[in-house]
Novice: 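Next up is a structure, given as structure tokens.
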Amino acid sequence: VCLESRKSALDADRGSYVSSALDYCRMTLPYLLNHKSDAQGGSSGGGSNQHGYSGYGAQLVNSLANKLVLTLFPPQSSFFRMAFSDEASARLEADGYQLSDLAHMLVLAENKAMREFAVGGYRRCMTDTMKHLLVTGNCIIYTPPDGEPARAIPLNRYFTKRDRSGFVYEFLIVDAITFGVLDEDIQDSL
């Protein structure tokens with residue numbers, strides 16, 4: 001299957017949606033979906049705003065995105081709690097476990113998750129995601145398996161196909177990478 005032809009076929013199904021998102025970006029944060037950027041990651045830079053709203057729109061989106069992230073993920077406190085259900089607690093206690101020891105283990109797990117959120121670059125990713133959701137209404141979060149920071153992938157960089165129940169059965173991400181960071185054997189093959 002030729003990926004370029006498949007990308008074109010998937011892209012044809014969502015043209016009006018991306019067009020509307022581009023209009024919203026031009027009025028707020030043009031860099032979110034730069035209309036002059038190609039799907040391979042190229043960009044022609046600034047992206048001027050035809051309507052003159054970028055100053056206020058950008059301030060509004062940035063402010064709302066930051067407030068949402070601070071509200072959903074407060075920096076100095078846990079934004080979730082782990083607990084056993086009453087049924088699980090009763091079974092564990094019947095099996096001889098001390099509930100206080102188990103509660104301590106859950107607190108340790110919460111702290112580990114919070115450290116991972118801070119170290120893994122998720123706060124920045126969540127801020128980018130909120131900007132995309134506020135302006136375009138769509139975005140995906142990609143967490144690389146090799147420990148790289150999570151990142152928000154904009155609407156014009158991914159393509160999906162779903163069945164009637166909403167299950168994704170085809171997914172394509174279009175990304176760009178600097179040629180020099182590739183392994184030498186890959187560079188030679190290209």
Side-chain angles (χ1 to χ4, degrees), residues 14 17-35 37 39 41 43 47 49 51 53-89 99-100 102-163 165-176:
R14 62 189 194 130
Y17 190 66
V18 173
S19 177
S20 296
L22 285 168
D23 289 341
Y24 302 144
C25 286
R26 281 189 210 111
M27 290 185 272
T28 54
L29 298 172
Y31 67 86
L32 289 178
L33 293 179
N34 189 340
H35 67 287
S37 69
S43 176
N49 181 357
H51 305 290
Y53 302 131
S54 67
Y56 297 119
Q59 289 174 13
L60 176 68
V61 170
N62 286 327
S63 178
L64 283 173
N66 288 324
K67 286 181 191 261
L68 283 168
V69 169
L70 283 174
T71 301
L72 292 171
F73 310 105
Q76 298 302 324
S77 62
S78 181
F79 53 86
F80 68 97
R81 293 280 181 236
M82 297 175 73
F84 292 110
S85 67
D86 293 337
E87 181 182 307
S89 295
L99 293 181
S100 60
L102 294 173
H104 179 70
M105 290 172 56
L106 289 177
V107 168
L108 293 176
E110 286 176 20
N111 291 339
K112 184 177 179 182
M114 294 300 297
R115 278 192 307 275
E116 178 64 28
F117 185 82
V119 172
Y122 288 97
R123 184 166 300 282
R124 179 172 183 253
C125 177
M126 289 299 129
T127 303
D128 290 344
T129 300
M130 291 301 163
K131 289 176 185 180
H132 282 283
L133 292 177
L134 288 166
V135 176
T136 68
N138 211 326
C139 177
I140 61 167
I141 298 171
Y142 175 64
T143 306
D146 56 3
E148 291 180 34
R151 57 191 178 116
I153 298 179
L155 174 64
N156 64 343
R157 303 265 191 242
Y158 74 92
F159 307 88
T160 60
K161 198 72 168 169
R162 298 175 183 268
D163 63 13
S165 64
F167 179 76
V168 176
Y169 65 88
E170 188 174 4
F171 191 79
L172 177 67
I173 295 176
V174 178
D175 204 357

Novice: Atom CE of M105 and atom CZ of F84: how far apart are they, to the nearest 0.5 Å?
Specialist: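 The distance works out to 7.0 Å.
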Novice: What do you reckon, is OH of Y169 surrounded by more than 12 foreign heavy atoms closer than 6.0 Å?
Specialist: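 Buried by this count: over 12 neighbours within 6.0 Å.
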Novice: Show every donor-acceptor pair shorter than 3.5 Å between a side-chain atom in residues 111-126 and any protein atom, with sequence neighbours excluded, or say none if there are none.
Specialist:
from : atom 1 : to   : atom 2 : distance (Å)
N111 : ND2    : V107 : O      : 3.4
R123 : NH1    : F73  : O      : 2.8
R123 : NH2    : F73  : O      : 2.9

Novice: As an exercise, state the distance from NZ of K67 to CG of N62, rounded to the nearest 0.5 Å.
Specialist: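 If I round to the nearest 0.5 Å, the distance is 12.5 Å.
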Novice: Shortest non-hydrogen contact from P144 to A150?
Specialist: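 Here P144 and A150 meet closest at CD-CA, 4.2 Å.
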Novice: Under the criterion side chain to side chain contact (heavy atoms under 4.5 Å, CB included), I'd like the reasoning laid out for I173 against I140: C-alpha separation, chi angles, the key distance, then a yes or no.
Specialist: CA-CA 10 Å; I173 295 176; I140 61 167; 4.2 Å; yes
Novice: Are side-chain heavy atoms of F159 and V174 found at a separation under 4.5 Å?
Specialist: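 Sidechains of V174 and F159: in contact.
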Novice: Looking at T129 and A152, what are the two nearest heavy atoms and their distance?
Specialist: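 T129 and A152 have their closest heavy atoms at OG1-CB, 3.6 Å.
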Novice: Could you tell me which non-hydrogen atom of L106 sits nearest to which non-hydrogen atom of M82, and how far apart they are?
Specialist: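 Result for this residue pair: CD1-O, 3.7 Å.
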Novice: Measure across T28 and A58 and return the closest heavy-atom pair with its distance rounded to 0.1 Å.
Specialist: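 Minimum heavy-atom contact is O-CB, 3.5 Å.
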Novice: I need the L99 CG to H104 NE2 distance, nearest 0.5 Å.
Specialist: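 Result: 14.5 Å between the selected atoms.
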Novice: Looking only at heavy atoms, which two atoms of C25 and L32 are closest? And how far apart?
Specialist: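 Result for this residue pair: SG-CB, 3.8 Å.
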Novice: Distance from C139 atom SG to L155 atom CG, nearest 0.5 Å?
Specialist: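 If I round to the nearest 0.5 Å, the distance is 9.0 Å.
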Novice: Test of understanding: with side-chain hydrogen bond (donor to acceptor under 3.5 Å, both in side chains), list the residues that count as partners of N138, not counting sequence neighbours.
Specialist: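 Listed in chain order: Y158.
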Novice: Measure across R162 and G166 and return the closest heavy-atom pair with its distance rounded to 0.1 Å.
Specialist: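 R162 and G166 have their closest heavy atoms at NH1-O, 2.8 Å.
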Novice: Less than 4.5 Å apart, any side-chain heavy atom of K131 and any of Y31?
Specialist: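 Yes, at least one pair of side-chain atoms sits under 4.5 Å.
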Novice: Measuring from T160:OG1 to E170:CD, what's the distance to the nearest 0.5 Å?
Specialist: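 Atom-to-atom, T160:OG1 and E170:CD are 9.0 Å apart.
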Novice: D175 and Y142: side chain to side chain contact (heavy atoms under 4.5 Å, CB included), yes or no, with the steps?
Specialist: CA-CA 12 Å; D175 204 357; Y142 175 64; over 6 Å; no
Novice: Could you tell me which residues satisfy side-chain hydrogen bond (donor to acceptor under 3.5 Å, both in side chains) with D86, sequence neighbours excluded, listed by chain and number?
Specialist: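 Partners of D86 by the side-chain hydrogen bond (donor to acceptor under 3.5 Å, both in side chains) criterion come out as none, since no residue qualifies.
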Novice: To the nearest 0.5 Å, tell me how far L33 CG sits from L22 CG.
Specialist: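 Between L33 CG and L22 CG, I get 5.5 Å after rounding to 0.5 Å.
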Novice: Does any non-hydrogen side-chain atom of L134 lie less than 4.5 Å from one of L60?
Specialist: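 Not touching, per the 4.5 Å side-chain cut-off.
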